[in-house]
There are 2 protein chains.
Amino acid sequence: MADRTPLYKRVKHEIVEALRAGRWKHGQAIPGESTLATAFGASIGTLRKAVDELVAENILVRQHGRGTFVASHTRDYMLNVFFAIAPRKGPKTFPETELVGFKRGRADVSTAKRLQIPTGAPVLAIRTLLRLAGQRVIVDDIRLPAGLFPDLTEHAFLDRDTTVYGLYQMRYGITVVRTVEEIGAALADARTRALLALEPPAPVLRIERTAYTYRDQPVDTRVRYVRTSQHRYVSVLGKR
Amino acid sequence: MADRTPLYKRVKHEIVEALRAGRWKHGQAIPGESTLATAFGASIGTLRKAVDELVAENILVRQHGRGTFVASHTRDYMLNVFFAIAPRKGPKTFPETELVGFKRGRADVSTAKRLQIPTGAPVLAIRTLLRLAGQRVIVDDIRLPAGLFPDLTEHAFLDRDTTVYGLYQMRYGITVVRTVEEIGAALADARTRALLALEPPAPVLRIERTAYTYRDQPVDTRVRYVRTSQHRYVSVLGKR
DNA sequence: AAGTGGTCTAGACCACCAT
DNA sequence: TGGTGGTCTAGACCACTTA
């Protein structure tokens with residue numbers, strides 16, 4: 001990184017590089033602030049500024065008196081950071097996942113573009129049905145670049161006791177740090193209606209979502225259909 | 001504010017109070033950092049931490065070498081902070097507004113709850129059609145608490161050369177700092193279809209949006225219908 | 001040249017947690 | 001008690017804007 005960029009940006013970049021390289025694993029504490037400051041040749045104030053930004057990006061988590069930890073893709077983390085769908089009334093709940101389809105295929109033009117891989121490259125195609133409080137609410141049609149997830153089998157996918165992103169992290173060391181969702185309205189097709197127990201006409205949210213790890217590398221793209229009779233996608237603009 | 005709360009939080013709170021009270025107007029520069037630090041009895045570092053948070057919340061804007069300014073509801077600001085709808089391809093554009101309806105009424109239960117006013121309190125009911133690059137894309141059904149916007153007439157609403165939020169700010173000193181949007185899918189009714197030039201069935205986004213000023217006071221609630229054949233609602237999760 | 005915000009330092013002291 | 005992060009200070013120097 002260029003010499004003119006501020007020291008705290010360079011420190012931040014080095015921390016991210018260490019995370020990407022697997023130097024510090026998710027859930028673990030990173031070294032203390034004074035240790036890191038010395039290691040990077042910065043003052044504590046500068047080190048803290050770098051860490052401040054990584055905390056704001058949900059990449060690190062500070063715990064007063066305990067240490068600073070690499071964010072782990074727990075259920076709570078997923079719900080708080082990456083899950084925007086809430087019941088019309090009452091608190092957010094965690095979705096229960098049911099596997100509907102799992103096969104291997106090749107990237108079509110749209111998938112290839114979103115995953116930044118060549119058209120025709122091998123992908124995993126996974127379809128899941130998500131329930132919230134027992135109700136069928138979401139259908140996900142997931143595409144993963146097969147190269148990033150070697151040996152991911154249906155059994156391994158099912159045999160996790162964590163979120164999908166948690167699986168990426170635990171089994172492949174891939175941490176999702178950001179997702180971009182493009183939301184439109186559509187009528188559910190017959191297959192989606194069957195999965196969501198809807199009668200035509202069946203207006204649903206159609207969400208194209210791509211997940212990225214460090215360095216803006218895409219790792220997962222999916223088309224998600226959401227039944228919104230009892231639920232809402234909640235978006236807050238003008239941060240707090 | 002309690003004595004135990006950190007100084008930078010108290011400073012931040014006092015700055016927001018000054019803004020709310022109209023001590024510093026939108027678009028104006030606030031005093032320099034050293035001046036403010038002295039005034040609040042804090043060091044520059046502490047003052048900067050307070051201002052940092054207000055900048056992150058889009059309430060203040062720093063300009064290196066010029067000063068720190070109260071965010072003004074310009075078109076660009078609106079587009080960047082509060083407008084999430086973009087064409088499927090190409091850059092975001094600014095919407096052109098057409099007034100469809102303007103009348104006075106009383107708050108129904110739902111509106112009253114969202115605006116935190118009594119049911120039956122006087123409201124303004126405004127309906128607008130928004131075009132993007134000439135295409136009809138959005139219908140807004142707005143409810144404003146009449147008490148906050150005395151003497152707002154159809155003419156005054158039309159005779160602005162700014163955004164709706166800009167009008168609130170310039171004419172009433174009310175600054176929108178945050179909006180919460182709840183998004184669902186629906187079929188457009190006949191009137192909405194007519195405004196958006198849609199044929200049935202017409203799946204659209206249905207967005208319930210409430211805007212807040214300082215201290216979480218609601219000032220505007222609206223139901224927005226969005227035609228998404230050429231556009232998308234874009235949401236980024238896991239901030240950068 | 002003067003004033004502004006941006007970066008950085010080298011501490012001090014406090015609050016919290018584990019042992 | 002020792003280590004951690006959280007707050008706060010009182011500067012220094014740099015980069016940018018305006019006059």
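Within every chain, numbering begins at 1; the chains are lettered A, B, ... in the order of the sequence lines, protein sequences first and strands thereafter.
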From the options dG6(D), dC8(D), dT9(C), select the nucleotide whose nearest atom is closest to the side chain of Ser43(A). dT9(C)
Please state how far atom NZ in Lys9(A) lies from atom P in dG6(C), giving the value in whole angstrom units. 12 Å
Students often get this wrong, so: under 4.0 angstrom with heavy atoms, is Thr68(B) touching a base, only sugar-phosphate, or nothing? sugar-phosphate
Just how far, in rounded Å, is C1' of dG6(D) from CG of Leu60(A)? 16 Å
Under 6.0 Å between ring centres: does that hold for His73(A) and Tyr168(A)? no
Less than 4.0 angstrom between a side-chain N/O of Lys49(B) and OP1 or OP2 of dT7(D), yes or no? yes
Rounded to whole Å, CZ of Phe40(B) lies from C1' of dT9(D) at a distance of 18 Å
Nucleotide dG5(C), atom C1' - distance to CG of Leu36(B) in whole Å: 12 Å
Looking for any heavy atom pair under 4.0 Å, which part of the strands does Ala29(B) touch: base, sugar-phosphate only, or nothing? nothing
Measure CZ/Arg4(A) against C1'/dC8(C) and give the value in whole Å, please. 17 Å
Looking at Lys9(A) and Glu53(A), does any basic side-chain N land under 4.0 Å from a carboxylate oxygen? yes
Does Thr46(A) put a side-chain nitrogen or oxygen below 4.0 Å from OP1 or OP2 of dT9(C)? yes
Asp52(B) CG to dT7(C) C1': how many Å, rounded? 12 Å
With respect to the side chain of Glu33(B), which nucleotide from dT7(C), dT9(C), dG6(C) is positioned closest? dG6(C)
Please compare Gly65(B) and Gly65(A) by the position of their nearest nucleotide in DNA chain C and report the one closer to 5'. Gly65(B)
What is the distance from CZ of Arg62(B) to P of dA15(D), rounded to the nearest Å? 18 Å
Looking at dA15(C) and His64(A): do their rings stack (centroid distance under 5.5 Å, interplanar angle under 30°)? yes
Minimum-distance nucleotide (side-chain atoms of Leu7(B) versus dT9(D), dG6(D), dA10(C)): dT9(D)
Is the phosphate of dG3(C) approached by Arg66(B) (side-chain N or O, under 4.0 Å from OP1 or OP2)? no
When you check the side-chain N and O atoms of Ser235(B) and Glu181(A), is any donor under 3.5 Å from an acceptor? no
Separation of dC8(C) atom C1' from Lys12(A) atom NZ, nearest Å, is 18 Å
Are any of Arg48(B)'s side-chain N or O atoms less than 4.0 Å away from OP1 or OP2 of dG6(C)? yes
Decide whether a cation-pi geometry holds between Arg20(B) and Tyr214(B); the criteria are a distance under 6.0 Å from NZ or CZ to the six-membered ring centre and an angle within 45° of the ring axis. no
Quick one: is the NZ or CZ of Arg75(B) closer than 6.0 Å to the six-membered ring centre of Tyr77(B), and within 45° of its axis? no
Among the nucleotides dT9(C), dA10(D), dT7(D), whichever has the atom closest to the side chain of Ala42(A) is dT9(C)
